[in-house]
Protein chains: 2
Amino acid sequence: MNIGQAAEASGVSAKMIRYYESIGLIPKTVRTEAGYRVYSDSDVHTLRFIRRARDLGFSVEQISDLVSLWRDRERASKDVKRIALEHVTVLERKIVELQQMAETLNHLAKTCHGDARPGCPIIEELASNEAPQCHSAAGTRFGSLGKAPTRV
Amino acid sequence: MNIGQAAEASGVSAKMIRYYESIGLIPKTVRTEAGYRVYSDSDVHTLRFIRRARDLGFSVEQISDLVSLWRDRERASKDVKRIALEHVTVLERKIVELQQMAETLNHLAKTCHGDARPGCPIIEELASNEAPQCHSAAGTRFGSLGKAPTRV
DNA sequence: AGTGACCCCTCCAACCATGGGAAGGTCAAG
DNA sequence: CTTGACCTTCCCATGGTTGGAGGGGTCACT
């Protein structure tokens, strides 16, 4: 199977398959004489695994661990569960962050008459010198969420 | 005021101030003879505005619009409200996405005994050939959320 | 006047995951 | 043999932010 068919069958783009190979998430494949990558059904299976893990929001690094655990017949389900639950924790923190942003904006938008007149509480809030937001946590730019603030 | 003090006072790092200048979000500042950027209290006010908008998850492009509207005394609050509510829509879609991921994982983790034995429903789910997830929408990799799937 | 501790400058690279495209090789069908 | 669909590698862009290198400025203290 060529890379295009493998991409089709797995739902991972050819671009990403090459990228995953380049970073070592998947091993280098066999090549034809002409240099074309060749994939087996088993490879497609792995790619599908990877795609599902991506769909669940795991990072490539986490997926790398999950793939290892998957391949490892002696794997401890404890390890898998730990990775999954750690990820859930991160997800839930991000959810809260986004909810606070949305709440703050909804609150401000509600008090904004939204017509052609100037004078808008949203702008005024942003421009104020006072406490950043009414919903406190949205201002914690560098929460303990990792290296960077949540990009939205 | 030098850039460091402006950064301190506004909560925007010196690096980011230079970046915002370079992309035109803020105008070029006056410089000292030695080439140091000089900031006024008003500049700091603008930077604080920008930081708050970032905290609310607005993109730089949106912030650029908001800053223009802020400066424009004839601004229509309608325009501000529209930007804010559009952003809320995006936020809420992302929240739902993340919630679905978290739900799926929580569900799988619940059925994972999580001890030293092998055999783990989380891995098995990822590896299965069947329907991607029990919570359907988490698999819609390219939902109508914009250019790319939500990176987590 | 020298020295050390900071500050500032610009430019370049990295992160993450992904898409786009150019320039060239390969393959199968017509 | 031509055409078109595929493959290859390589480079570039995204967005927002941080980091570093390498060079210079400023200031207070000795």
Side-chain angles (χ1 to χ4, degrees), chain A residues 1-26 28-39 47 50-64 87 90 94 97 101 141-143 145-152, chain B residues 1-26 28-39 47 50-64 87 90 94 97 101 141-143 145-152:
Chain A
M1 201 182 330
N2 282 343
I3 198 169
Q5 285 141 359
E8 178 81 10
S10 65
V12 179
S13 72
K15 279 269 186 196
M16 290 312 298
I17 296 176
R18 293 193 198 100
Y19 170 69
Y20 289 153
E21 184 188 301
S22 80
I23 62 171
L25 177 58
I26 55 177
K28 299 205 190 263
T29 57
V30 182
R31 304 279 189 124
T32 65
E33 282 182 15
Y36 284 23
R37 289 173 180 81
V38 176
Y39 296 89
L47 287 169
I50 290 169
R51 193 186 62 80
R52 286 185 191 165
R54 292 286 310 126
D55 285 345
L56 287 171
F58 287 101
S59 69
V60 166
E61 201 186 345
Q62 287 172 314
I63 294 173
S64 181
H87 182 45
V90 172
K94 299 208 168 166
E97 265 201 0
M101 294 180 192
R141 195 159 172 65
F142 293 91
L145 285 165
K147 304 138 199 185
T150 302
R151 292 300 67 185
V152 188
Chain B
M1 200 181 333
N2 282 343
I3 199 169
Q5 284 142 358
E8 178 80 11
S10 65
V12 179
S13 72
K15 282 265 184 194
M16 290 312 298
I17 296 176
R18 292 192 199 102
Y19 170 70
Y20 288 152
E21 184 188 300
S22 79
I23 61 172
L25 177 58
I26 54 178
K28 299 204 190 263
T29 56
V30 183
R31 304 277 188 128
T32 64
E33 283 183 15
Y36 285 22
R37 290 171 180 82
V38 176
Y39 296 89
L47 287 169
I50 290 169
R51 193 186 62 80
R52 286 185 191 165
R54 292 285 312 126
D55 285 344
L56 287 171
F58 286 101
S59 70
V60 166
E61 200 185 346
Q62 287 171 316
I63 294 173
S64 180
H87 182 46
V90 172
K94 298 208 171 168
E97 264 201 2
M101 294 180 193
R141 194 159 174 68
F142 293 92
L145 284 166
K147 304 137 201 185
T150 302
R151 293 297 67 187
V152 189

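So you know, we letter chains A, B, ... as the sequences are listed, proteins then strands, and number each from 1.
- Atom CG of residue B:Asp55 and atom CE of residue A:Met101 lie 7.5 Å apart, to the nearest 0.5 angstrom.
- With rounding to whole Å, A:Tyr19 atom OH is found 16 Å from D:dC10 atom P.
- Distances shorter than 4.0 Å separate some side-chain N or O of B:Ser13 from OP1 or OP2 on D:dT18.
- When the P atom of C:dA14 is taken as reference, atom CD1 of A:Ile23 falls 16 Å away, rounded to whole Å.
- A:Ile50 has its CD1 atom 11 Å from the P atom of C:dT18, to the nearest Å.
- A sub-4.0 Å separation between OP1 or OP2 of C:dC16 and a side-chain N or O of A:Ser59 is absent.
- Taken from OG1 in A:Thr29 to CD1 in A:Ile3, the straight-line distance is 7.5 Å, to the nearest 0.5 Å.
- Here A:Thr32 lies out of heavy-atom contact (under 4.0 Å) with every strand.
- Of the candidate nucleotides C:dA17, C:dT18, D:dG16, C:dA17 has the atom lying nearest to any side-chain atom of A:Val60.
- At its two ends the helix from C:dA1-D:dT30 to C:dG30-D:dC1 runs along axes set 30° apart, each axis drawn from five pairs and the angle rounded to 10°.
- Distance, B:Ile17 CD1 to D:dT18 P: 11 Å, rounded to whole Å.
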For a quick check, with a 4.0 angstrom heavy-atom cut-off, what is the B/S/- contact string for nucleotides 5-10 of chain C, read 5' to 3'?
--BSSB

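- As a whole-Å value, the separation of B:Asp55 CG from D:dG16 P is 14 Å.
- The OG atom of B:Ser10 sits 11.5 Å away from atom CD of B:Gln5, with the distance rounded to the nearest 0.5 Å.
- Following rounding to the nearest Å, B:Leu25 (CG) and D:dG15 (P) show an atom-to-atom distance of 13 Å.
- Scored by the side-chain contact (heavy atoms from CB on, under 4.5 Å) test, A:Val60 finds A:Tyr20, A:Ile23, A:Leu25 as partners (sequence neighbours excluded).
- Legend: salt bridge (charged side-chain N to carboxylate O under 4.0 Å, His left out) pairs involving residues 13-26 of chain B, not counting sequence neighbours, sorted by first then second residue: B:Glu21-B:Arg31, B:Glu21-B:Arg37.
- The shortest heavy-atom contact between A:Arg51 and A:Val12 is CB-CG2, 3.7 Å.
- Interatomic distance, CG of B:Leu56 versus CD of B:Gln62, reported as 10.5 Å (0.5 Å rounding).
- When every heavy atom of B:Ser13 is checked against every heavy atom of B:Ala7, the shortest pair comes out as C-CB, 3.9 Å.
- For A:Tyr39 against A:Ile17, the heavy-atom pair with the smallest separation is OH-CG2, 3.3 Å.
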